[in-house]
Amino acid sequence: MSKTIAVIPGDGIGPEIMKATLRVLDALDCGLSYEFVDAGMVALEKHGDLLPKDTLDAIARHTIALKGPLTTPIGGGFTSINVTLRRHFDLYANVRPAISFPGTKARFENIDIITVRENTEGAYLSEGQTLSEDGEVATSMVRNTRKGSTRIVKYAFEMARQKGRKKITAVHKANIMKTSSGLFLNVAREVAKEYPDIEFNEMIVDNTCMQLVMKPEQFDVIVTTNLFGDILSDLCAGLVGGLGLAPGDNIGAGAAIFEAVHGSAPDIAGKGIANPCALLLAAADMLDHLGMADKGNKVRAAIRDTLTNDRDAVTPDLGGKGNTDSFGDAIVKRVKAA
């Protein structure tokens with residue numbers, strides 16, 4: 001196939017890990033070409049805008065984007081770039097796989113959990129946020145809709161069926177948040193009846209956190225609302241060694257953006273020691289999305305093989321002696337040989 005994607009190198013370590021990732025994609029001979037566009041601090045300095053119109057237009061044109069970590073300035077009224085992208089393109093599904101890899105500092109082995117998080121409503125709507133004049137009372141609204149709940153739960157079930165997953169856990173707090181979380185839970189129960197081939201259960205969010213730490217093997221796919229999904233997906237990343245191994249997929253009906261979940265790490269930017277795995281795993285998910293799952297699996301297998309058999313090439317955060325380039329070289333060599 002021949003496909004152009006929008007590429008946002010990002011801030012801090014973003015350009016370094018993006019370079020390594022694109023080398024791997026090129027080695028796979030995916031037929032991909034790239035239109036490079038800016039966002040974040042780089043865009044603010046070059047164009048006076050954190051998210052230029054040209055960048056939005058490129059994503060709309062190509063419908064697929066691969067994105068490095070971005071920095072949103074703290075204060076000054078700047079809105080989160082990630083939130084803006086999700087709303088602009090209605091990227092309602094945030095898919096966060098957590099997969100165990102060898103040679104990490106993870107406390108568990110054989111973790112393979114996907115969190116499917118509603119990405120556009122719930123507690124992150126920023127609606128109804130008020131602070132009383134005396135600064136004593138803060139109020140914020142949580143709004144879930146039947147439409148939003150239905151499409152995220154359906155997405156989770158369809159994805160599970162496509163990937164051969166056997167079980168979905170709907171995570172909620174309907175015992176306390178009887179309207180907002182209750183609506184989500186009721187919708188999940190209704191949708192689950194349409195998928196009798198997939199086991200369905202439900203779990204209160206606080207118990208889910210405990211169970212993930214004690215018996216993570218009981219989970220397969222988790223589907224939940226925005227705030228809970230944000231928290232649980234990071235907890236799952238912690239089970240497999242941290243955000244350095246955490247890809248994030250933001251998917252809507254008309255566009256999809258694949259990203260490294262971790263930050264821009266300005267403290268190590270330019271040192272050449274950044275771990276490219278999160279962005280590589282996001283690129284692998286992108287290949288799955290583009291119908292090239294065999295190539296996506298080659299990337300994951302090459303990362304696993306490198307972490308197991310080529311420790312000198314691995315970056316220091318994973319206990320190796322290598323750097324971004326040596327890690328990328330080792331993975332390129334393996335995908336070419338596969």
Side-chain angles (χ1 to χ4, degrees), residues 3-12 14 18 34-96 115-129 140-152 154-156 159 224-227 229-230 233 247-264 278-279 282-283 285-286 289-290:
K3 170 70 179 173
T4 300
I5 65 170
V7 172
I8 304 171
D11 297 313
M18 185 63 77
Y34 316 117
E35 180 178 352
F36 292 90
V37 289
D38 296 319
M41 292 300 293
V42 170
L44 187 62
E45 291 165 9
K46 287 169 64 174
H47 311 289
D49 191 343
L50 285 170
L51 194 55
K53 183 177 182 299
D54 286 351
T55 299
L56 295 172
D57 289 347
I59 297 171
R61 189 162 56 248
H62 303 307
T63 72
I64 301 288
L66 184 64
K67 182 176 79 64
L70 301 176
T71 300
T72 300
I74 297 173
F78 292 104
T79 303
S80 164
I81 305 166
N82 289 335
V83 171
T84 301
L85 284 167
R86 291 165 186 170
R87 289 182 180 164
H88 183 85
F89 293 105
D90 195 21
L91 306 176
Y92 66 89
N94 181 227
V95 182
R96 289 275 302 271
T115 301
V116 179
R117 164 195 174 197
E118 203 292 317
N119 218 12
T120 58
E121 51 183 43
Y124 284 21
L125 273 174
S126 301
E127 288 184 348
Q129 292 199 48
S140 183
M141 183 188 300
V142 176
R143 180 163 66 89
N144 294 329
T145 66
R146 180 169 293 276
K147 175 187 174 183
S149 299
T150 300
R151 67 179 181 174
I152 194 64
K154 278 185 175 290
Y155 182 92
M159 184 204 71
T224 190
T225 49
N226 205 331
L227 175 60
D230 194 4
S233 58
D249 315 335
N250 301 279
I251 298 171
I257 299 176
F258 299 84
E259 63 186 351
V261 173
H262 59 69
S264 56
L279 191 59
D285 290 351
M286 178 185 73
H289 184 77
L290 289 169

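Nearest heavy atoms, F36 versus P9: CD2-CG, 4.1 Å. Across A39 and L51, no two heavy atoms sit closer than the pair CB-CD1, 4.0 Å. Contact record, G68 with M18: N-CE, 3.6 Å, taken as the closest heavy-atom pair. Looking at every heavy atom in both residues, G252 comes nearest to L91 through N-CD2, 3.7 Å. Considering all non-hydrogen atoms of both residues, S149 and I152 come closest at O-CG2, 3.3 Å. In this structure, V261 and G248 approach most closely via the heavy-atom pair CG2-N, 3.6 Å.
Between N82 and E259 there is a side-chain heavy-atom pair separated by less than 4.5 Å. Y34 has its side chain out of reach of L66: every pair of non-hydrogen atoms, C-beta onward, lies at least 4.5 Å apart. Between T55 and D49 there is no side-chain heavy-atom pair separated by less than 4.5 Å. Within the 4.5 Å cutoff, side-chain heavy atoms of T63 are placed close to those of K3.
Residues that satisfy the side-chain contact (heavy atoms from CB on, under 4.5 Å) test with R61, not counting sequence neighbours, are E35, D57, A58. Here S233 pairs with R96, T115 under the side-chain contact (heavy atoms from CB on, under 4.5 Å) rule; sequence neighbours left out. Partners of H88 under the side-chain contact (heavy atoms from CB on, under 4.5 Å) rule, at least two apart in sequence or in another chain, are L56.
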Under the criterion side-chain contact (heavy atoms from CB on, under 4.5 Å), I'd like the reasoning laid out for V7 against H62: C-alpha separation, chi angles, the key distance, then a yes or no.
CA-CA 10 Å; V7 172; H62 303 307; over 6 Å; no

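In this structure, CG on N250 lies 8.0 Å from CZ on R117, to the nearest 0.5 angstrom. For the atom pair CD1 of I64 and CD1 of I5, the computed distance is 8.0 Å after rounding to the nearest 0.5 Å. Here the OG1-CG distance, from T224 to N94, works out to 11.5 Å after rounding to the nearest 0.5 Å. In this structure, S80 OG and R86 CZ are separated by 7.0 Å, a value rounded to the nearest 0.5 Å. One finds the CG atom of D230 at 10.5 Å from the OG1 atom of T225 (value rounded to the nearest 0.5 Å). Note that CE of M159 is 9.0 Å distant from CD1 of I251, once rounded to the nearest 0.5 Å.
Looking at T120, its side chain never comes within 3.5 Å of a backbone N or O of D90 through a donor-acceptor pair. Checking side-chain atoms of R143 against main-chain N and O of G122 turns up no donor-acceptor pair under 3.5 Å. Under a 3.5 Å cut-off, the side chain of K67 and the backbone N or O of A6 do not form any donor-acceptor pair. Without hydrogens or angle criteria, D11 side chain to P69 main chain gives no donor-acceptor distance under 3.5 Å.
For NZ of K147, the number of neighbouring non-hydrogen atoms (other residues, nucleotides, ligands) closer than 6.0 Å is 12 at most.
Using a 4.0 Å cut-off between a side-chain N of Lys or Arg and a carboxylate O of Asp or Glu, E121 and R151 do not qualify as a salt bridge.
Of the N and O atoms on the side chains of D249 and H289, not one donor lies less than 3.5 Å from an acceptor on the other residue.
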